[in-house]
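What follows is one structure encoded as structure tokens, with my remarks underneath.
Indexing begins at 1, ligand by ligand and atom by atom, following the structure's order.
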Amino acid sequence: MLAQELIRKKRDGGTLDAEEIGFFVKGLVDGSVTDAQVSALAMAIIFRKLSADERVALTLAMRDSGTVLDWSDLDRPVVDKHSTGGVGDNVSLMLAPALAACGAAVPMISGRGLGHTGGTLDKFDSIPGYVTQPDNALFRKVVADVGCAIIGQTADLAPADKRFYGIRDVTGTVESVDLITASILSKKLAAGLQGLVLDVKWGSGAFMATLEEAMALAESLVAVANGAGCRTTALLTDMNEPLASAAGNALEVRNAADFLTGRAIDNRLYDVTVELGGEALVTAGLAPDRAAGADAMRKVFGSGAAAEHFARMVTALGGPADFLEKYEAYLPSAPVERAIYPAEAGTVLCVDARAIGVAVVELGGGRRRPEDTIDPAVGLEHLAGVGHSVDSDAPLAIVHAADEAAAARATEIVQKAYRVGAPSQVEDRPVIAGRVGPSG
Ligand code: URA
């Protein structure tokens with residue numbers, strides 16, 4: 001088989017069979033298909049799309065390109081959540097321990113920030129001592145003992161996606177329902193899950209800008225995952241403003257710790273976390289329906305059981321034993337903190353979430369190139385949400401920066417990201433815009 005023949009076939013609108021797709025995926029892993037050929041096929045797929053069968057074949061071949069985890073030794077159902085990526089999206093930090101507190105096992109294999117979006121793994125790197133790349137034995141032990149472990153992707157989990165994604169990232173071929181489906185699900189299915197809930201973001205801060213595009217992605221993800229035997233549902237959630245009131249690695253950990261300890265809870269973040277958790281508990285067979293699942297989530301947040309599981313996970317993976325008691329002291333802080341005020345007083349009408357993400361990257365809290373190191377301390381907090389009043393006493397946000405020049409650059413971006421007006425102009429936009437999956 002020749003890679004160039006497969007590219008020509010797809011370029012001309014043909015359909016690839018499972019054997020041809022398998023050949024391409026094998027070439028991704030062993031290097032026999034060149035970067036140029038990978039990018040050409042990706043671009044052909046962008047324009048010609050994949051059939052449902054091709055999408056499934058690509059997902060399964062990428063899943064099987066490395067180790068597929070097996071959790072059959074556990075006596076708990078194994079579930080996880082995946083977000084398509086957003087700004088101020090620290091849901092995983094609360095969700096995984098809450099699901100564990102409800103009786104699920106959550107082996108959460110998460111990624112680094114991508115473009116303007118944050119990554120769960122980068123957030124955990126700001127906790128001193130926390131090992132994001134434990135060996136397999138420790139990972140399994142923490143999932144078995146605590147019920148959840150949030151770690152980074154290991155080299156042997158869906159290696160085909162690792163190379164494919166890296167090439168797509170620099171060839172303008174990320175935004176494809178077919179390729180995003182195969183990319184996300186190859187990793188999630190390789191993690192050996194029984195149930196999965198997907199948080200498909202739509203809006204200015206998401207990869208899918210419109211609700212229609214997000215719906216198409218959600219339908220594709222849900223169909224392929226359920227077809228592969230993993231019970232899966234998706235919620236479509238709003239990313240037209242940051243979800244948490246913080247964006248930046250250590251700041252989002254602090255925001256999560258505030259949430260878990262009950263010191264301060266962002267309402268939209270709470271609602272999304274509770275609803276995603278309710279879905280996950282149904283897929284796990286731990287709740288009879290979504291309402292009961294959501295109730296169970298509220299209970300473990302209220303009782304402190306979720307916080308306790310978070311603390312145990314942090315300790316088991318090498319972090320401080322008293323992290324939740326003293327997180328302010330443990331998390332790194334930036335030397336410069338400045339309030340960002342609006343150019344004019346008013347009520348926040350909209351926030352360009354993508355611009356907020358870009359401001360964090362500009363501050364050094366995200367990467368411009370994959371090899372960049374990030375500054376965990378920088379970012380934005382106390383971000384005013386839609387409907388909040390802002391003026392010369394009530395800032396848009398507080399910037400945490402490495403120096404004054406960086407703070408000034410971020411200030412300019414944030415001021416431009418906000419539009420203010422009269423309270424009557426505020427549009428009511430639900431944080432959960434839809435759901436895809438079996439009813440329940
Ligand atoms: N996240 C992934 O893991 N893959 C994609 O293709 C896009 C978002």
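- Taking the charged nitrogens against the carboxylate oxygens, Asp122 and Arg367 do have a contact shorter than 4.0 Å, which makes a salt bridge.
- A cation-pi arrangement, defined by a distance under 6.0 Å to the six-membered ring centre and an angle within 45 degrees of its axis, is absent between Arg76 and Trp71.
- With ligand atoms numbered from 1 in the order given, ligand 1 contributes 2 (C), 3 (O), 4 (N), 5 (C), 6 (O) to contacts under 4.0 Å with heavy atoms of Ser183.
- Close approach of ligand 1 to Tyr165 is summarised as follows: ligand atoms under 4.0 Å from at least one heavy atom of the residue are 4 (N), 5 (C), 6 (O), 7 (C).
- For ligand 1, the polar-atom distance check finds no N/O of Asp161 at less than 3.5 Å from any of the ligand's N/O atoms.
- Under a 4.0 Å N-O distance rule, the pair Arg435/Glu279 qualifies as a salt bridge.
- Listed by atom number, the atoms of ligand 1 under 4.0 Å from Arg168 heavy atoms are 6 (O).
- The pair Glu5-Lys9 fails the salt-bridge criterion, with no side-chain N (NZ, NE, NH1 or NH2) lying under 4.0 Å from an Asp/Glu carboxylate O.
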